[in-house]
Each structure stands twice: as structure tokens, then as C-alpha cells.
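Only this structure's heavy atoms are used, side chains among them; waters, hydrogens and symmetry mates stay out. If you read the sequence from its start, that first residue is 1, and numbering goes on from there. Quick caveat: nothing in here was measured; it's all calculated off a predicted structure.
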Amino acid sequence: KCQVGPDCLVGDHTRIGDKTSIKRSTIGNHVTIGANVKMVGCLVMDNAQIEEGCKLENCIIGPRVRIGERSTLKDCDVGSGTAVEKETQHKGEIIMASDSS
């Protein structure tokens, strides 16, 4: 079971894992949220993937973003198509995809 607060909007075809808590947030379409995620005051755009054990507070997550498992983000903006490494911590940052292809 997951907990989605009455003050949340969740888009179509979004999957939310067990033991996940979402409060004061807006979730787009086709988003996948893993188990044991805590999310407060976030905007998650379409096609994002948030892996298990993440903690997100007051974040804007762009479209097609992947946040690795057990990552913690507070007051962050994550740009479109960005992959955040697992088990990382960010606070007050703007995180963009690197062009090192």
C-alpha cells in the first residue's frame, strides 16, 4: 500500500510502489515511483522514473528524468532527461544532464 495525500494530483498511467508516501505534490503521466519513496511538495513531470528508497522534498523533476535508488534531493530542480546517480544527496542544486557523450 502507498499513501497519496488528498492535496496531490496524480496523472494517468502512473505507477506507485509499496510503502511510498506522497504529500502536497503533483505527478505527471506515465511516471514510475518505486517502493519506500518519500515525496513532499514536489512537481514530477511526465515519463520520470524515481527508484526505490528516494527522498524528495520541494523539488521540480523534469520530463524523462531518472533518479537512482536511495537518493536524497531537497530544494532541487532536475532538468529534462537527466539521470541522477543512485545513493547521492543534493540540496539546493540545479541538476542538468551532462553533454559528455
Side-chain angles (χ1 to χ4, degrees):
K1 289 283 187 186
C2 63
Q3 292 182 323
V4 178
D7 47 3
C8 296
L9 291 174
V10 178
D12 294 332
H13 308 289
T14 291
R15 292 182 296 167
I16 301 172
D18 289 341
K19 299 180 182 172
T20 289
S21 172
I22 301 173
K23 298 176 183 173
R24 299 189 320 272
S25 297
T26 301
I27 313 296
N29 299 320
H30 303 281
V31 173
T32 302
I33 301 173
N36 299 309
V37 171
K38 304 264 187 279
M39 186 182 304
V40 179
C42 295
L43 170 62
V44 181
M45 296 183 196
D46 296 348
N47 301 300
Q49 179 180 352
I50 300 167
E51 296 182 357
E52 69 178 53
C54 291
K55 292 183 174 120
L56 305 172
E57 186 177 344
N58 300 323
C59 293
I60 299 173
I61 309 298
R64 300 179 317 281
V65 166
R66 185 186 63 77
I67 298 178
E69 60 188 37
R70 292 184 298 283
S71 292
T72 301
L73 280 70
K74 182 173 179 171
D75 304 320
C76 291
D77 294 350
V78 183
S80 175
T82 302
V84 176
E85 294 293 319
K86 68 179 184 177
E87 300 178 2
T88 57
Q89 295 188 8
H90 297 279
K91 184 174 180 182
E93 297 179 41
I94 297 174
I95 304 165
M96 302 296 288
S98 63
D99 296 329
S100 59
S101 49

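A donor-acceptor pair under 3.5 Å is absent between the side-chain atoms of Ser80 and the main chain of Arg64, judged by distance alone. At least one donor-acceptor pair closer than 3.5 Å links the side chain of Thr20 to the backbone N or O of Val37. Side-chain atoms of Ser25 never come within 3.5 Å of backbone atoms of Ile22 as a donor-acceptor pair (strictly under, hydrogens ignored). Checking side-chain atoms of Asp46 against main-chain N and O of Gly28 turns up no donor-acceptor pair under 3.5 Å. Proximity of a side-chain donor or acceptor of Glu51 to a complementary backbone N or O of Glu69 within less than 3.5 Å is detected.
Residues Ile16 and Ile27 fail the side-chain proximity criterion, which asks for heavy atoms closer than 4.5 Å. Residues Leu73 and Ile95 form a side-chain contact, since some pair of their non-hydrogen atoms from C-beta on lies under 4.5 Å apart. Side-chain contact between Ile67 and Leu56: present, with at least one pair of heavy atoms (C-beta onward) separated by less than 4.5 Å.
For the atom pair Glu57 CD and Lys23 NZ, the distance stands at 11.0 Å (nearest 0.5 Å). Taking OG1 of Thr72 as the start and NE2 of His90 as the end, the distance is 9.5 Å to the nearest 0.5 Å. Within the model, atoms SG of Cys59 and CD of Glu93 stand 10.5 Å from one another, a figure rounded to the nearest 0.5 Å. Distance CD/Glu52 to NZ/Lys19: 11.0 Å, rounded to 0.5 Å. Rounding to the nearest 0.5 angstrom, the gap separating the CG atom in Asp77 from the CG atom in Asn58 is 10.5 Å. Once rounded to the nearest 0.5 Å, the distance linking CD of Glu85 with CZ of Arg66 reads 6.5 Å.
Between Cys2 and Gly17, the shortest heavy-atom distance links the atoms CB-O, 3.5 Å. In plain terms, the two heavy atoms of Met45 and Val31 that are nearest each other are O-CG2, 3.5 Å. Nearest heavy-atom pair across Ala97 and Gly81 is CB-O, 4.1 Å. When all heavy atoms are compared, the tightest approach of Asp7 to Arg24 is OD2-CG, 2.9 Å. For Gly62 against Ala48, the heavy-atom pair with the smallest separation is O-CB, 4.1 Å.
Annotation for Glu87: atom CD counts as buried by contact number, over 12 foreign heavy atoms lying within 6.0 Å. Few gaps surround NZ on Lys38; more than 12 heavy atoms of other groups in view lie less than 6.0 Å from it.
Criterion: ILVMFWY side-chain heavy atoms under 4.5 Å apart, direct or through other members. Under it, Ile50 and Val40 are not part of a common hydrophobic cluster. No single ILVMFWY cluster, assembled from side-chain heavy atoms under 4.5 Å apart, contains both Leu43 and Met39.
Of the listed residues (Ile33, Ile61, Ile60), just one forms a side-chain contact (heavy atoms from CB on, under 4.5 Å) with Val44, and that residue is Ile61.
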